[in-house]
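Both ligands and their constituent atoms are indexed starting at 1 by order of listing. Keep in mind the model is a prediction, meaning the values are calculated, not measured.
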Amino acid sequence: MTLINDLKTAQTDAPILEVLAGRWSPRSFTNDPIDEGKLAAALEAARWSPSAGNSQPWRFIVARRGSEAFEKIAATLMGFNKAWAPKASVLLVAVAQVADGEGKPLPTALYDLGQSMAHLSVQAHHDGLHVHQMTGFERDRLAAAFDLPENLMPFSVSAIGTVGTPDDLDEVLAERERQPRTRKPLPELLLVNE
Ligand SMILES: Cc1cc2nc3c(=O)[nH]c(=O)nc-3n(C[C@H](O)[C@H](O)[C@H](O)COP(=O)(O)O)c2cc1C
């Protein structure tokens, strides 16, 4: 899959880490089982990410293809996510602990959870896995399927596995898969830069 990975590598204006330039979100995955060592490393990277007051308000549901949990998650996917994501080796739900045991809100939970997923996806990419995060799923249905208490909010579902070929996707998704990645120019992002 070197060709598609090359096409997807960011053309950056300043040099950045290879793993950051090379990370991208595929929709085509091979049907290999997950490499357990690489999955463990990705979860470990998430565990060691920083959080406000070291609150670590991240929880994960890890479901390998073929498991009951995988089917439960796949059943909540919406729209075109339903078509491609269940072919990945793992579906992982990133869950934010939005309040502590006494019901006191943890206001940085979503920020911290996002950061842990950034660490997870970068480690995974470094190890040759790809991660595609999604919020196109039915949150309430997923929370109910896993009996999550009110203070645990499923925020995203990620498809994880080995990147496949765009040829395995339908025409519309294959075309998207072959597009280079784009970003807004940096000056548009810098509100102040003096
Ligand atoms: C929070 C979040 C939600 C996303 N939701 C979806 C989704 O429901 N379906 C999908 O196909 N991609 C989804 N994406 C993937 C983005 O579209 C993708 O990251 C973005 O286009 C940039 O592409 P890149 O990751 O390849 O750089 C999501 C990404 C994030 C971070």
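Protein heavy atom at the shortest distance from atom 19 (O) of ligand 1 is S25 OG, 3.5 Å. Among protein heavy atoms, atom 29 (C) of ligand 1 sits closest to Q133 O, 3.5 Å. Regarding atom 2 (C) of ligand 1, its nearest protein heavy-atom neighbour is T135 CG2, 4.3 Å. Of the protein's non-hydrogen atoms, the one nearest atom 12 (N) of ligand 1 is H132 NE2, 2.8 Å.
There is no protein heavy atom closer than 4.0 angstrom to atom 21 (O) of ligand 1. Distance check on atom 8 (O) of ligand 1: some protein heavy atom falls below the 4.0 Å cut-off.
Remark: side-chain polar atoms of T108 are not paired, donor with acceptor, to backbone N or O of Y111 under 3.5 angstrom.
Aromatic ring orientation, H125 versus H130: perpendicular (interplanar angle above 60°, classes split at 30° and 60°).
Judged by the shortest distance from any of its heavy atoms, R183 lies inside the 4.0 Å radius around the atoms of ligand 1.
An N or O contact shorter than 3.5 Å is missing between W24 and ligand 1 by distance. By the 3.5 Å distance cut-off applied to N or O atoms, F80 is not counted among the residues near ligand 1.
Salt bridge status for R27 with D168: absent, with no side-chain N to carboxylate O gap under 4.0 Å. Taking 4.0 Å as the cut-off between side-chain N and carboxylate O, R64 and E36 count as a salt-bridged pair.
Side-chain contact between V131 and R23: absent, with no pair of heavy atoms (C-beta onward) separated by less than 4.5 Å. In this structure, R176 and F80 have side chains that are in contact, with non-hydrogen atoms separated by less than 4.5 Å.
Among R181, E177, E175, the single residue meeting the side-chain hydrogen bond (donor to acceptor under 3.5 Å, both in side chains) criterion with Q179 is E175.
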